[in-house]
Protein chains: 2
Amino acid sequence: MTDRRARRHEATRQEILDAAWRLARERGLTGWSLREVATEVGMRAPSLYGYFGSKEAIYDAMFAEGSAQLLARTDAMPRPADPVDLLRAVAREFVDFCVADPPRYQLLFLRVVPGFVPSPASYALAEEVLERLRGVLAAAGVTSERAVDLWTALVTGLATQQVSNDPDGTRWTDLVDHAVDMFLASELATPR
Amino acid sequence: MTDRRARRHEATRQEILDAAWRLARERGLTGWSLREVATEVGMRAPSLYGYFGSKEAIYDAMFAEGSAQLLARTDAMPRPADPVDLLRAVAREFVDFCVADPPRYQLLFLRVVPGFVPSPASYALAEEVLERLRGVLAAAGVTSERAVDLWTALVTGLATQQVSNDPDGTRWTDLVDHAVDMFLASELATPR
DNA sequence: CGAGTACACCTAACGGTGTTAGGCAAACCG
DNA sequence: CGGTTTGCCTAACACCGTTAGGTGTACTCG
């Protein structure tokens, strides 16, 4: 049975994390201070250090949480049998995930926070996501390393353009199906 | 004839800008302070305000300078007559430009600096770049708005992946020709 | 050529940041 | 109940972008 105290500690940790996410969504990924987070949870800034060793550690926990969310979302996704439908669905899922929470997207996929590098533990989660993606692509007949790299470039490119240049519209998300068709036409035509 | 003093002022301005670029390349786009820039040019931080109204104004001048460099580089590019060769060349030129100076790339194409939005004057330069690109794509037979958007997503996606995940390698730059072929096969097959 | 002005640069300081040190009271454990 | 651990505090540090105000030098003009 987990310690009562440890559980309470974990809950406060999560409360801090939630406050950080809220502020990041309001003011941008790097537009918040520890003092603001502390105020949000009814503390003073130095008290946060009982829960996170630094501001970077908060970013790291956010990185892990974001990766876990993406993992959960792709796992929960319906899986059409047809390869084309499958890849369309996974691409749409990914771009939607990015557009739904731009700061989360920036944290996970752009290197936007000045000194931040995810810890090995958090990065392992992100690699797990890529691993699942590789599985889905293989199921659709796409196996080569180069094809996977091209896929990630294509899909993150769509997401980046959408988030950076038309955050409230659908100018690039509307292109997802078309982009997938283009990709498949090329990759399935030359299978190896 | 321009004022001696005005010329000297302009030279100092450029000196500050060069120092900022140098520091940005060393420590990351947002990893430098005004005090460091000032030291680099032999001043104290407040003196910089005689040349730029704020740190953001420095970023804005850097943005304009980066856009001008991209513009100059694409203008100076050899222009193969064959559409496929042309697009391959322009794509390679763009990705090389991005990879050659990651902070510059982040400043121009990712929204990485917390509060920074380019001024209308600087942004006009960036739009000029896009305008030239539209011209090149049209010369290769690609005219639709959607196709241009897909192109930018594809090319910036390759650049982002390269810069973010393999900054010293060629994992994604090696895919540029292949990506262009894929794009053209799809877009020229369905011209409108 | 001397007086007056504009300019380049300075120091001091303000409110903000992440972070450390040290203290005090409540909660837990034997 | 006594001792330890925990949770949170205040005070302070070094650094940040930025503003105010002062000083000497370089230029302009009568």
Side-chain angles (χ1 to χ4, degrees), chain A residues 1-21 23-24 26-63 103 107 112-117 119, chain B residues 1-21 23-24 26-63 103 107 112-117 119:
Chain A
M1 52 219 68
T2 60
D3 205 344
R4 238 181 64 94
R5 199 119 96 169
R7 241 182 317 161
R8 168 95 193 131
H9 190 87
E10 191 49 46
T12 306
R13 225 182 109 94
Q14 190 59 51
E15 214 178 315
I16 292 168
L17 233 38
D18 292 345
W21 277 119
L23 287 167
E26 274 174 28
R27 308 227 241 286
L29 181 58
T30 60
W32 50 273
S33 72
L34 292 185
R35 281 168 177 81
E36 290 174 303
V37 173
T39 301
E40 198 92 352
V41 300
M43 290 184 189
R44 306 303 173 91
S47 303
L48 299 179
Y49 284 77
Y51 300 90
F52 295 93
S54 65
K55 191 179 189 183
E56 233 187 74
I58 298 185
Y59 278 122
D60 195 56
M62 292 168 80
F63 183 95
L107 177 62
V112 159
V113 182
F116 173 65
V117 181
S119 67
Chain B
M1 54 220 66
T2 59
D3 204 345
R4 242 182 62 93
R5 198 120 95 172
R7 241 182 317 160
R8 168 93 194 135
H9 190 86
E10 192 49 46
T12 306
R13 225 182 109 95
Q14 189 60 50
E15 214 178 315
I16 292 168
L17 233 39
D18 292 345
W21 277 119
L23 287 167
E26 274 173 29
R27 310 226 241 285
L29 181 58
T30 60
W32 50 274
S33 72
L34 292 185
R35 281 167 176 83
E36 289 174 303
V37 173
T39 301
E40 199 93 351
V41 300
M43 291 183 188
R44 305 303 172 92
S47 303
L48 299 178
Y49 283 77
Y51 300 91
F52 294 93
S54 64
K55 190 178 189 183
E56 237 190 67
I58 298 185
Y59 278 121
D60 194 56
M62 292 168 79
F63 184 95
L107 178 61
V112 160
V113 183
F116 173 64
V117 180
S119 66

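We name chains A, B, ... by the order of the sequence lines, and we start the count at 1 in each one.
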Closer than 4.0 Å, any side-chain N/O of A/Ser47 to the OP1 or OP2 of D/dG7?
no
Rounded off to whole Å, could you give me the CG-to-P distance for the A/Leu48 and C/dT17 pair?
13 Å
Whole-Å distance, B/Met43 CE to C/dC10 P, equals 7 Å
Between the CD atom in A/Glu10 and the CD atom in A/Gln14, the distance rounded to the nearest 0.5 Å is 7.0 Å
Considering residues at least two apart in sequence or located in another chain, which fulfil the ring pair (Phe, Tyr, Trp, His ring centres under 6.0 Å) criterion with A/Trp32?
A/Tyr59
Results of side-chain contact (heavy atoms from CB on, under 4.5 Å) for A/Ala61 - residues two or more places apart only:
A/Arg13, A/Leu17, A/Phe52
Please write out each protein N/O paired with an N/O of nucleotides 23-30 of chain C under 3.5 Å, distance rounded to 0.1 Å.
{"unit_1": "C/dC28", "atom_1": "OP1", "unit_2": "A/Arg4", "atom_2": "NH2", "d": "3.4"}

For DNA chain C, find the residues of residues 54-61 of chain A with a heavy-atom distance under 4.0 Å and give them by number; none if there aren't any.
A/Ser54, A/Lys55
Can you measure B/Ile16 atom CD1 to C/dA8 atom P for me and round it to whole angstrom units?
11 Å
Would you indicate which nucleotide in C/dT11, D/dG7, D/dC9 comes nearest to any side-chain atom of A/His9?
D/dG7
For residues B/Leu48 and B/Leu34, report the shortest heavy-atom separation together with the two atoms involved.
CD1-O, 3.4 Å
Let me know the distance between CZ of B/Arg44 and P of D/dC16, rounded to the nearest Å.
14 Å
Does D/dG7 have its OP1 or OP2 closer than 4.0 Å to a side-chain nitrogen or oxygen of A/Tyr49?
no
If you take all heavy atoms of A/Ala38 and A/Ala45, which pair is closest and at what distance?
CB-N, 3.5 Å
From CG of B/Leu23 over to C1' of D/dG17, roughly how many Å is that when rounded to an integer?
16 Å
The single option from B/Val113, B/Asp60, B/Thr30 passing side chain to side chain contact (heavy atoms under 4.5 Å, CB included) against B/Leu107
B/Val113
Quick note, side-chain hydrogen bond (donor to acceptor under 3.5 Å, both in side chains) partners involving residues 38-56 of chain A, not counting sequence neighbours, are A/Arg22-A/Glu40
Considering every strand and a 4.0 Å limit on heavy-atom distances, what is the contact class for B/Phe52: base, sugar-phosphate, or nothing?
nothing
Nucleic acid contacts - residues 29-42 of chain B versus DNA chain D, non-hydrogen atoms under 4.0 Å
B/Trp32, B/Ser33, B/Leu34, B/Arg35
With rounding to the nearest 0.5 angstrom, report the CD to CD distance, A/Glu26 to A/Glu36.
9.0 Å
Which atom pair, heavy atoms only, marks the closest approach of A/Ala24 to A/Pro103?
O-CG, 3.5 Å
Minimum-distance pair of heavy atoms, taken over all atoms of B/Ala19 and B/Val41
CB-CG1, 3.9 Å
